[in-house]
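To start, the structure under review is shown below, and the notes come after it.
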Amino acid sequence: MTDTLTNRAVPDAATQLDIYRRMIRIERNDDATRTQIRRGRITAPYYSARGQECIPSAISVLLNDDDKICTIYRGIHDMVAKDMPLRPLWAEICGRVDGTCKGKGGPMHLTHPETGVMVTTGIVGSSMPIANGFAWAALLDGTKQVTVAYFGDGASNIGAFHEALNLASVWKLPVIFVCQNNGFAEHTRYENGTSVDQISKRAIGYGMPGYTVDGNDPLDVYAHAHAAIERARSGEGPTLLECKTFRFMGHVFGDADGYMTKEEKAEAMADDPLPKFRQKLIDSGVATADQIDEMTAKAEAEVNDAIEFAMSCEYPSDDELRRDVFAEEIPA
Amino acid sequence: MTDTLTNRAVPDAATQLDIYRRMIRIERNDDATRTQIRRGRITAPYYSARGQECIPSAISVLLNDDDKICTIYRGIHDMVAKDMPLRPLWAEICGRVDGTCKGKGGPMHLTHPETGVMVTTGIVGSSMPIANGFAWAALLDGTKQVTVAYFGDGASNIGAFHEALNLASVWKLPVIFVCQNNGFAEHTRYENGTSVDQISKRAIGYGMPGYTVDGNDPLDVYAHAHAAIERARSGEGPTLLECKTFRFMGHVFGDADGYMTKEEKAEAMADDPLPKFRQKLIDSGVATADQIDEMTAKAEAEVNDAIEFAMSCEYPSDDELRRDVFAEEIPA
Amino acid sequence: MRELNMVKAINDALDVMLARDPDVLVFGEDVGYFGGVFRATEGLQAKHGIRRCFDTPIAEGGIIATAIGMGAQGLRPVPEIQFADYILPAFDQLVSEAARLRYRSGGEFWAPITVRSPYGGGIFGGQTHSQSPEAIFAHITGLKTVIPSTPYDAKGLLIAAIECDDPVIYLEPKRLYNGPFDGHHDREIGTWAGHPAAQVPEGHYTVPLGKAAVVRPGDAVTVLAYGTMVHVALAAVDETGIDAEVIDLRSIVPLDIETIVASANKTGRCVIVHEASRFGGFGGELSSLIQERCFYGLETAIERVAGWDTPYPHAFEWDYFPGPARIAAALRRVMENT
Amino acid sequence: MRELNMVKAINDALDVMLARDPDVLVFGEDVGYFGGVFRATEGLQAKHGIRRCFDTPIAEGGIIATAIGMGAQGLRPVPEIQFADYILPAFDQLVSEAARLRYRSGGEFWAPITVRSPYGGGIFGGQTHSQSPEAIFAHITGLKTVIPSTPYDAKGLLIAAIECDDPVIYLEPKRLYNGPFDGHHDREIGTWAGHPAAQVPEGHYTVPLGKAAVVRPGDAVTVLAYGTMVHVALAAVDETGIDAEVIDLRSIVPLDIETIVASANKTGRCVIVHEASRFGGFGGELSSLIQERCFYGLETAIERVAGWDTPYPHAFEWDYFPGPARIAAALRRVMENT
Amino acid sequence: AAAAEEAPSGASVLSPAVRRAVLEYGIDPATIKGTGKDGRITKDDVVAAAKAKSASPAPTAST
Ligand SMILES: Cc1ncc(C[n+]2csc(CCOP(=O)(O)OP(=O)(O)O)c2C)c(N)n1
Ligand SMILES: Cc1ncc(C[n+]2csc(CCOP(=O)(O)OP(=O)(O)O)c2C)c(N)n1
Ligand SMILES: [Mg+2]
Ligand SMILES: [Mg+2]
Ligand SMILES: [Mg+2]
């Protein structure tokens, strides 16, 4: 009952490599984050997106810097995929003044207008309808800018989801609603919170196309994102993409995983998008193992540089506390 | 794409007459309300449901006193259909102490637990998810009680709708969600607020049956309500019924109707459910014109009695102001 | 100059800003084609086009969220929420997003939105069409809250709010739309005709946010009010003959604390008036601020006159409403109590 | 008697009530199978069954609405909202429905629900996982607001809240779950072990709503606090050596005004402490009430020590948090200022 | 408060404004007859008493 794509766009070799570049950058960054936390160098709740790298990577190759994304606490992969620079990202995670938000956003509210990373919320659902505002602005300005709203499967059950999709469709807004369905909302299984077997079916209720996509297959995500973005850019309105995937590290880093069986977890993790796509690139002659290793090393170097940079930055000074509450500084 | 009923229950003659009795009681009550306002005997914003009589009438013949309804500002027809007595109803509209809420609810918040009229909200959407609570209680108590949530087409676009339907479906609650689609939300046309051509299609997104029904045809409403109530009582979960109808008197009594063409309005009003069903009852030999006239006269008398009763009641005394804020009275 | 009532003054402000600034957008339920249930947006869609003034579905959270996104991209949205009571489904968006975007982005972007909403009672609206929610907004850091009491101020403050780069909750005392209601519901109710503040200049002008107006100078007691209560307080002062200084706060965030403190220090006596229920209302903040800053200037305890601590009561509207008699009694008390 | 930390005490209260009253239901996100993100509902589903303790989708408005309907039909739902910051999407249901149902039905039915929610800062939660929203609830007539500060009170107040026929917002200071945090974040942080109020009786007992506790009697100055701030205030008092009377309000609605007034009249000096930002916070109500009732007994201006008027600031958590040093400074000021 | 325990009558309850006034003008409140509610001393009473005091010959005007 969910829609089926007829014209499947296929990324060329360079684009495939670019997708992989983003994926490995995410993966290296995620790995380093967990290491830093484990070593006690940073203290922050961390919502790892290990396993979900493919989704924003295959989408972001189709986006420009001025295309916007609105994402969530589990969204650093979305930002890294959008090529947000890692130094200000890390400085922000560490709460330093050179952070992209002067240290005042912190790990849960990273934003970076230069690369279109506009809203990151800690309140489930809230960023989805905000995406519509960016899209309206684009319509009004007559640009081709699109906005991608990333969210989880659990978030598809809150009222904000409904209002966001209905508004976007009534107004034919250039938004792509991307549900990263990892099967769980915190520790609650999909089916205990969600009344429909495929979230993409909800698109029917908003008169927009809805697709269920293999979120671990870059080519599948790319093809559907391509259609959705084309549709948005040409003024036809929004699309709902449900990308099925898995979060390898549980809800928040350090989580116990007693809420699923070992077999279930092992099976899901066997479908790791990274080694699978790596192998595919090599097999299809898009890249050699060496090229990929080089790319990996480069990503790792960038991450390490960003971390060391961040650790060397100052904390914001006390006056910052009272700045940015309003346009004018508030009195002490 | 919306569901189609296969087994259509047909009301027997007595039931058909009972539906008509409820319809004419609503219509006489509505007519009297408008007269009283016109004559300046009551001051209240009035959301007439003239034209929508058939929907709650054909549903209420299937309900018991302990089945609950949750409705809205445009809901007096739903209450009258549920056989709420008219004296306390009118006393409440007039703000008198003999009102069903001691005059403290007023015309927008009428409730009457004895006939299952439990929640009436002025905030669009808010009563829908509350219906789930009654349904949960019924599940827990192991009764066969069902809850009907009435709401408008415009209300299907607010977040509360989404949360209500998803929760009800996940928990398989005995709720019937009845959208009285009259084509307008205040002065805004259906299609300017709603992204799908049939609201019943939204049921797909919640894994529940959804039907679009002719809300001016008692037999069609009855057949679908019958299926929905059966489903609910047998523990299979909720249903969404979209009943298409029209509000003859605009949004609020006294409204200008410049937001539609004269032809459009005339055409909609030509499908008046009352004379149509009256004729049908006569033609099919269910009742004679005399019987129906007698029924009408009886309804009218009941309404007049209720009005005169209400006007003779006292206003609540000042101490009532501070009662019912909390379980204990608050100090003056 | 033209005389306008408050609805027309608001309409005029929107018209001026739509014409002047292509980034200004006006939208909400029934706002476009129909012109708004209180007529505040009448004619704007016809004049400025459907892209600049448009209808929305019933989805208050979605409306405010859309405004936030627009604002973060540089537009100046002016959404209408039809009644202030309907703001609550959008409360999360206002608090967690609109109010906080500037801070958490380190000043990179913000939500320069102006949420217009009619509020307050005295119109037989019952529980959910009469409330005064200003206190819950005043407590949210990052939001500004503005409340006009005259057509002149309504236009000037609204333009200032739209031009302000912060999110502003602009509450319109709906009881004042057609006239300066003084609380005497049992008398004939006047219109704005002939009122000096109904003289509304054409074109662009502003009344700055954060500047109170001393609407009646006096030496005996300071009366703080806003919205409808300004007119009710003036009536009460007249009726008592007490030489009160009546201050119309006009915006409660930012608050013109200097004007308040100067007056309180001068008179040594204060009465604070608001329609919202008393417990936890904005009067508490005003009273504490004065007490903190003028302690040794106080001759008697500061009084609050407010709605009772009940839901807005359908059957007791005029008992709940803090009318001239209740204010006059408080004025007499603070004058006697020394 | 057993020693329990605050989470365990809350769990115990729920367990007692689930066992005692078949109408009690416990539900929320991750509450059932998983036992709650803070473990407050651990083991309850296994013991009392999936009908009595269950998981919900992420839909705060729907969760509260469901509780309202259950309550109106005579059940006693105890929904959990995972963090108080997530209550906002349910604010409409709490204000327009839960708080108002009894009044507008003329006392025919009501919503005897207890909304449990962890609140407050000091846990590096940033903007949306640290806030203290009590003031916006206190202003809503029809809601009661309860805040425990010890395991003993947490259990007794929670049982009282569940048994209360009104809707209660029960805010759990999450910083106190594991120990009586006194604001010295840079020192080793203690647990509840050995604290007298960690002695939690088995079975059913209540701590009545609306009764404050004088946790440290004194003659020099009255300190009003609740939640985490009780322990921070006690530390500050200790450090200054001032003979302060520290009052733990325990519930802010209903408010134990008698205990407050008696203490303020005795000491003539007051310091009010809360974590929430100051402007429009609950301290304003407390300060005005004392000023109104004890005016001639006040030796010096009432002070408020509170969070700064900024969003909860990720990068400045301990600057924002009203720690012992800030409270001590206020205590010294009110003792000097006469 | 301490002041409340010392003197009975109207002088016992002094508003903050009056307390400051008696300090500024150096006047013993016990010597003032209050004209306020229940014989309470007002700020005006203090000012009047101060005027009366300065109108009477200065106690020690050694030039
Ligand atoms: C309104 C709200 N309710 C609850 C939470 C707590 N919470 C944080 S993440 C989460 C689960 C979200 O699940 P999903 O949408 O599937 O995203 P995922 O974490 O799996 O990526 C919950 C319940 C919240 N942040 N906001
Ligand atoms: C949350 C909220 N927003 C807006 C309103 C104002 N309002 C009252 S009725 C209405 C239209 C509702 O339309 P619909 O759901 O189709 O019901 P109908 O009135 O047609 O029966 C609106 C917008 C409200 N009461 N509550
Ligand atoms: Mg998920
Ligand atoms: Mg309608
Ligand atoms: Mg603005």
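All chains are named by letter (A, B, ...) in the order of the sequence lines, taking the proteins before the strands, and each is independently numbered beginning at 1. If you're wondering where the values come from, they're calculated on a predicted model, not measured in any experiment.
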Between Arg100(C), Gln73(C), Arg51(C), Met70(C), the one whose heavy-atom pairs under 4.5 Å with chain A are most numerous: Gln73(C)

Heavy-atom pair with the smallest gap, counting every atom of Glu163(A) and Gly62(C): OE1-N, 2.7 Å

Interchain contact, Ser105(C) with chain A, by part (heavy-atom threshold 4.5 Å): both

Residue Val95(C) versus chain A: region with a heavy atom under 4.5 Å: neither

Parallel, tilted or perpendicular: rings of Trp171(A) and Phe54(C) (30°, 60°): perpendicular

Largest heavy-atom contact set with chain C, pairs under 4.5 Å, which of Lys102(A), Glu320(A), Arg323(A), His109(A): His109(A)

Leu321(A) side chain near Tyr103(C) side chain, heavy-atom distance below 4.5 Å: yes

Side chain to side chain contact (heavy atoms under 4.5 Å, CB included) evaluation trace for Gln93(C) with Ile123(A): CA-CA 9 Å; Gln93(C) 284 290 343; Ile123(A) 305 293; over 6 Å; no

Residue pair Arg104(C) / Thr120(A), side-chain heavy-atom distance below 4.5 Å: no

Under 4.5 Å from a heavy atom of chain C, the part of Ser126(A) involved: both

Side chain, backbone, both or neither of Leu139(A) within contact of chain C (heavy atoms, under 4.5 Å): both

Per-residue contact mode, Ala327(A) against chain C (heavy atom under 4.5 angstrom): both

Considering all heavy atoms, the nearest Gly106(C)-Asp324(A) contact: C-OD2, 3.4 Å

Gap between atom OG1 of Thr121(A) and atom CG of Leu101(C) - 0.5 Å precision: 10.5 Å

Contact class of Leu143(C) relative to chain A, heavy atoms under 4.5 angstrom: backbone

Residue selection (most heavy-atom pairs with chain C, distance under 4.5 Å) from Ser127(A), Ala131(A), Gly133(A): Gly133(A)

Heavy-atom pair count under 4.5 Å with chain C, highest-scoring of Val97(A), Val325(A), Asn132(A): Val325(A)

Over all atoms of both residues, closest heavy-atom pair of Met118(A) and Phe109(C): O-CZ, 2.7 Å

Enclosure of Tyr315(A) OH (heavy-atom neighbours >12, cutoff 6.0 Å): no

Closest approach of Pro57(C) to Leu167(A) (non-hydrogen atoms, all atoms of both residues): CD-CD2, 3.3 Å

Gap separating the CZ atom of Phe326(A) from the CG atom of Asp165(C), nearest 0.5 angstrom: 12.5 Å

Portion of Ala72(C) that has a non-hydrogen atom of chain A nearer than 4.5 angstrom: both

Validation row: Ile68(C), Val119(A) side chains within 4.5 angstrom (heavy atoms): no

Derivation and outcome, side chain to side chain contact (heavy atoms under 4.5 Å, CB included), residues Leu25(C) and Leu140(A): CA-CA 10 Å; Leu25(C) 299 174; Leu140(A) 202 71; 3.7 Å; yes

Closest approach of Glu108(C) to Thr100(A) (non-hydrogen atoms, all atoms of both residues): OE2-O, 3.5 Å

